[in-house]
Amino acid sequence: MRYITYVLIGFFFGIIMYKSEAASWFRIYEMFEFGAFHMYGIIGSALIIGVLGVQYIKRNNIKAMGGQEMQLKPKDKSIARYLIGGIIFGLGWALAGACPGPMYVLAGAGYISILVVIAAALFGTFVYGLLRNKLPH
Amino acid sequence: MELIYEPWPWYISGPLIAATMFVLLYTGKQFGMSSNLRTMCSATGAGKAADFFRFDWKKERWNLMVVLGAVLGGFFASTYLSNNTVEINERLADKLSNEYGIHSAGEAYMPTEIFAMQNLGDPLVLFVLIAGGFLVGFGARYAGGCTSGHAISGLSNLQLPSLIAVIGFFIGGLIMIHLFYPLIF
């Protein structure tokens, strides 16, 4: 039953990604060319509501389902890993025109070629795991 | 009826993304779409090769369920809710057409020159798909999150690391589009 909840959450997220066009290569290209407000509007409005909601949760100490703590742990401090990792991610995001969420949405939409991107992303994750101890964090 | 096929404007989509994050938080989880890649590596035995994949992936099965849902959502939206075309800035559609040989802006959801199955044998297309995917997978784990994990979840929680990561995403994206695209396409 719990698993069905997560499938449903993913389902709605998938529809949002597709209908908002955030899953389209063209929109990602347009964003990095500063050609439209669309993507900035999506991220910006999600963020404004996200910040307000998270602050509300924290101030009122609202608990998750079943009384457990909300997963709002701060990340470890570092600059190198976030900056270098972020730049590498950004290069890929702009090249494939897809980030991890939309990849799956596009697979469902029938773009067979995106399976190559997903397989390569899995391989990239694997290689990171192998090299992790040798990289600056 | 036409209304169903129209793309959703940003002020509908953004709040719905925030809502997705809150629902996940309420179920005791975190919103982030790249950690499932690590879970999949672990589930397929990558733990034999690196410590990073040695964890109880069965506890993370929920994120594979979110992935399954996203696939189904993509199928549903593309089949029933969309005419599968994306209109972008006309100047950029012309630029794609004239400078990069990508003529499908305004006619398709994804550029057919890169994502049509019949072009999968083209070495340049394969390079774009494989290099793009690899960098996304490697970079997301290195940075500890992707667009949803850092740009939405992390920034909503006002985390400095997420701000640094998002700045990195944009540096990388801008370098790719403005310096590398003219060389690649």
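Lettering of chains follows the sequences in order, A, B, ..., and the numbering in each one begins at 1.
The part of B:Tyr100 that comes within reach of chain A is its side chain, from C-beta onward, which places non-hydrogen atoms under 4.5 angstrom from that chain. For A:Tyr29, the parts sitting under 4.5 Å from any heavy atom of chain B are the backbone and the side chain alike. In this structure, the portion of A:Ala98 lying under 4.5 Å from any heavy atom of chain B is its backbone and not its side chain. Of the two parts of B:Phe170, the backbone and the side chain both hold a non-hydrogen atom closer than 4.5 Å to a non-hydrogen atom of chain A. Interface residue A:Tyr111: only side-chain heavy atoms are found under 4.5 Å from chain B. Neither the backbone nor the side chain of B:Glu90 comes within contact range of chain A; no heavy atom of the residue lies under 4.5 Å from a heavy atom of that chain. If you measure heavy-atom distances from B:Ala93 to chain A, you find no contacts under 4.5 Å at all. The part of A:Lys73 that comes within reach of chain B is its backbone (N, CA, C, O), which places non-hydrogen atoms under 4.5 angstrom from that chain. Contact of B:Lys95 with chain A is made through the side chain alone, with heavy-atom distances under 4.5 Å. Heavy-atom distances place both the backbone and the side chain of A:Ser24 under 4.5 Å from chain B. In this structure, the portion of A:Leu106 lying under 4.5 Å from any heavy atom of chain B is its side chain and not its backbone. Using a 4.5 Å cut-off between heavy atoms, B:Leu163 does not touch chain A at all. Interface residue B:Ser34: backbone and side-chain heavy atoms are both found under 4.5 Å from chain A. Proximity to chain A involves both the backbone and the side chain of B:Asn84, based on heavy atoms less than 4.5 angstrom apart. Contacts between B:Ile102 and chain A at a heavy-atom distance below 4.5 Å involve the side chain alone, from C-beta outward. Within the 4.5 angstrom heavy-atom criterion, only side-chain atoms of A:Gln68, from C-beta onward, approach chain B. The contact between B:Ser104 and chain A is made by backbone and side chain atoms together, counting heavy-atom distances below 4.5 Å. Interface remark: A:Arg81 contributes backbone and side-chain atoms alike to the contact with chain B (heavy atom separation under 4.5 Å). For chain A, the nearby parts of B:Met117 are the backbone and the side chain; heavy atoms of each come within less than 4.5 Å.
Interface check for chain B: of the options A:Met39, A:Glu69, A:Glu21, the most heavy-atom pairs under 4.5 Å are formed by A:Glu21. Taking chain B as the reference chain and counting heavy-atom pairs below 4.5 Å, the highest number among A:Thr125, A:Ile57, A:Asn133 is found for A:Thr125. Ranked by heavy-atom pairs shorter than 4.5 Å toward chain B, the options A:Ile43, A:Leu130, A:Leu135 are led by A:Leu135. With respect to chain B, the highest number of heavy-atom pairs below 4.5 Å among A:Leu47, A:Ile9, A:Ile49 belongs to A:Leu47. Most heavy-atom pairs under 4.5 Å with chain B, from the set A:Gly14, A:Gly35, A:Gly50: that is A:Gly50. Among A:Leu131, A:Ile48, A:Leu8, A:Ile84, the residue with the largest count of heavy-atom pairs under 4.5 Å with chain B is A:Ile84.
Annotation for A:Lys19 and B:Leu81: closest pair NZ-O, 2.6 Å, computed over non-hydrogen atoms.
Residues B:Leu124 and B:Phe134 are members of one and the same hydrophobic cluster, defined by side-chain heavy-atom contacts under 4.5 angstrom among Ile, Leu, Val, Met, Phe, Trp and Tyr. Placement of B:Trp57 and A:Tyr104 in two distinct hydrophobic clusters is found when ILVMFWY residues are connected by side-chain heavy-atom separations under 4.5 Å, directly or transitively. Clustering ILVMFWY residues whenever any of their side-chain heavy atoms sit less than 4.5 angstrom apart, transitively, puts A:Met65 in a cluster other than the one holding A:Ile4. Under the 4.5 Å side-chain heavy-atom criterion for ILVMFWY residues, no single connected hydrophobic cluster contains both B:Leu155 and A:Leu52. Both A:Leu91 and B:Phe185 sit in one connected hydrophobic cluster of ILVMFWY residues. Membership requires side-chain heavy atoms under 4.5 Å apart, directly or through other members.
Aromatic ring centroids of A:Phe32 and A:Trp93 lie under 6.0 Å apart.
Taking the ring centre of B:Tyr109 as origin, the terminal cationic atom of A:Arg27 falls outside the region bounded by 6.0 Å and 45° from the ring axis.
Using a 4.5 Å cut-off on side-chain heavy atoms (C-beta onward), B:Ile177 and A:Phe34 make no contact.
Remark: B:Arg91 does not engage B:Asp94 in a salt bridge, criterion side-chain N to carboxylate O under 4.0 Å.
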Q: Evaluate the criterion side-chain hydrogen bond (donor to acceptor under 3.5 Å, both in side chains) for residue pair B:Thr85 and B:Asn83; output intermediate values, then yes/no.
A: CA-CA 6 Å; B:Thr85 55; B:Asn83 55 18; 3.3 Å; yes
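Dense packing is recorded around OH of A:Tyr40, with more than 12 heavy atoms of other residues, nucleotides or ligands lying under 6.0 Å away.
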